[in-house]
Amino acid sequence: QVRLVESGGGLVQPGRSLRLSCVGSGIILRGTEMRWFRQAPGNERELVASISHENDNTNYADSVKGRFTISRDDDKNTLYLQMDSLKPEDTAIYTCKVHCIRGDYWGQGTQVTVSA
């Protein structure tokens with residue numbers, strides 16, 4: 001059974017940082033394309049960042065470019081999202097997604113709240 005479990009969310013003040021993790025089980029993340037999405041109440045789900053299955057090419061939404069960094073540690077079977085200079089508009093549920101030859105798999109999400 002494939003499972004993706006996110007962690008690292010929480011309540012943080014504007015300008016601070018958080019690092020989200022997405023740990024895979026039942027699946028080898030090496031060689032897969034992985035993405036972070038977020039969804040705020042009343043909004044559609046938004047692609048935040050992606051990392052390719054080869055060369056680790058990364059892409060970011062304009063709203064987070066320069067503040068967020070996506071990375072992976074294949075030895076730990078883990079995807080990360082380093083979020084710096086957080087803003088209140090970053091408040092959302094953050095979810096990881098894996099795309100591989102077997103199909104697409106999603107985590108359950110972790111809540112990030114940015115508030116003074």
Side-chain angles (χ1 to χ4, degrees):
Q1 180 182 2
V2 176
R3 287 192 69 200
L4 299 173
V5 179
E6 301 96 336
S7 63
L11 173 63
V12 65
Q13 294 179 329
R16 304 298 291 267
S17 298
L18 282 175
R19 188 176 80 157
L20 305 183
S21 299
C22 171
V23 180
S25 61
I27 184 172
I28 297 174
L29 298 182
R30 188 187 307 273
T32 65
E33 177 183 328
M34 301 195 70
R35 298 180 175 183
W36 283 102
F37 289 82
R38 69 184 180 185
Q39 187 168 20
N43 290 358
E44 293 186 355
R45 187 165 57 198
E46 173 189 19
L47 174 61
V48 175
S50 63
I51 185 165
S52 69
H53 65 286
E54 57 182 23
N55 300 323
D56 284 349
N57 288 329
T58 58
N59 285 287
Y60 299 92
D62 288 342
S63 58
V64 306
K65 203 170 292 184
R67 300 188 297 121
F68 289 12
T69 304
I70 187 172
S71 63
R72 62 196 301 162
D73 186 334
D74 289 335
D75 290 337
K76 295 183 178 180
N77 221 36
T78 301
L79 174 73
Y80 300 102
L81 185 67
Q82 177 67 40
M83 306 186 295
D84 299 322
S85 303
L86 282 162
K87 304 176 181 180
E89 51 263 42
D90 295 319
T91 295
I93 296 174
Y94 286 72
T95 307
C96 63
K97 174 190 172 184
V98 173
H99 173 72
C100 63
I101 193 169
R102 295 166 60 184
D104 293 341
Y105 300 95
W106 295 81
Q108 83 290 346
T110 185
Q111 175 71 46
V112 172
T113 302
V114 185
S115 175

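The shown structure was predicted, so the numbers you read here are calculated from the model rather than taken from an experiment.
- One hydrophobic cluster, built from ILVMFWY side chains closer than 4.5 Å, cannot hold both Tyr80 and Trp36; they sit in different ones.
- Remark: Asp62 engages Lys65 in a salt bridge, criterion side-chain N to carboxylate O under 4.0 Å.
- Counting heavy atoms from C-beta outward, Arg30 and Asp75 have side chains that approach closer than 4.5 Å.
- A continuous path of Ile, Leu, Val, Met, Phe, Trp and Tyr side chains, each step under 4.5 Å between heavy atoms, connects Val114 with Val48, placing both in one hydrophobic cluster.
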Using residues 10-19 as the side-chain source, report each donor-acceptor pair under 3.5 Å to any protein atom, sequence neighbours left out, with the distance given to one decimal.
unit_1, atom_1, unit_2, atom_2, d
Ser17, OG, Asp84, OD1, 2.7

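- In this structure, Leu79 and Ile70 have side chains that are in contact, with non-hydrogen atoms separated by less than 4.5 Å.
- Annotation: side chain of Ser63 is in contact with side chain of Arg38 (closest heavy-atom distance under 4.5 Å).
- Taking both residues in full, the closest heavy atoms of Gly109 and Glu6 are given as N-OE1, 2.9 Å, listed atom of the first, atom of the second, then distance.
- Considering all non-hydrogen atoms of both residues, Leu20 and Gly9 come closest at CD2-N, 3.6 Å.
- Judged purely by atom type and a 3.5 angstrom limit, Glu33 has no side-chain atom pairing as donor or acceptor with the backbone of His53.
- Between Asp56 and Arg72, the closest side-chain pair of non-hydrogen atoms falls below 4.5 Å.
- For Phe37 and Trp106, the ring centers sit closer than 6.0 Å to each other.
- Distance check: Leu86 CG to Thr91 OG1 gives 8.5 Å after rounding to the nearest 0.5 Å.
- Residue-environment remark: CG (Leu47) exceeds the threshold of 12 foreign heavy atoms within 6.0 Å.
- With hydrogens and angles ignored, the 3.5 Å screen pairs a side-chain donor or acceptor of Asn77 with a backbone N or O of Gly24.
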Side chain to side chain contact (heavy atoms under 4.5 Å, CB included) between Asp90 and Met83, worked out: CA-CA 9 Å; Asp90 295 319; Met83 306 186 295; over 6 Å; no

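- Taking Ile, Leu, Val, Met, Phe, Trp and Tyr as hydrophobic and joining them when side-chain heavy atoms fall under 4.5 Å apart, one finds Val23 isolated, its cluster having no other members.
- The closest side-chain heavy-atom distance from Thr95 to Gln39 is not below 4.5 Å.
- Residues Val98 and Val2 share a hydrophobic cluster, clusters being chains of Ile/Leu/Val/Met/Phe/Trp/Tyr side chains in contact below 4.5 Å.
- Transitive grouping of hydrophobic side chains (ILVMFWY, heavy atoms separated by less than 4.5 Å) keeps Ile93 and Leu81 in distinct clusters.
- Thr69 is not listed as a side-chain neighbour of Thr58, based on a closest heavy-atom distance of 4.5 Å or more.
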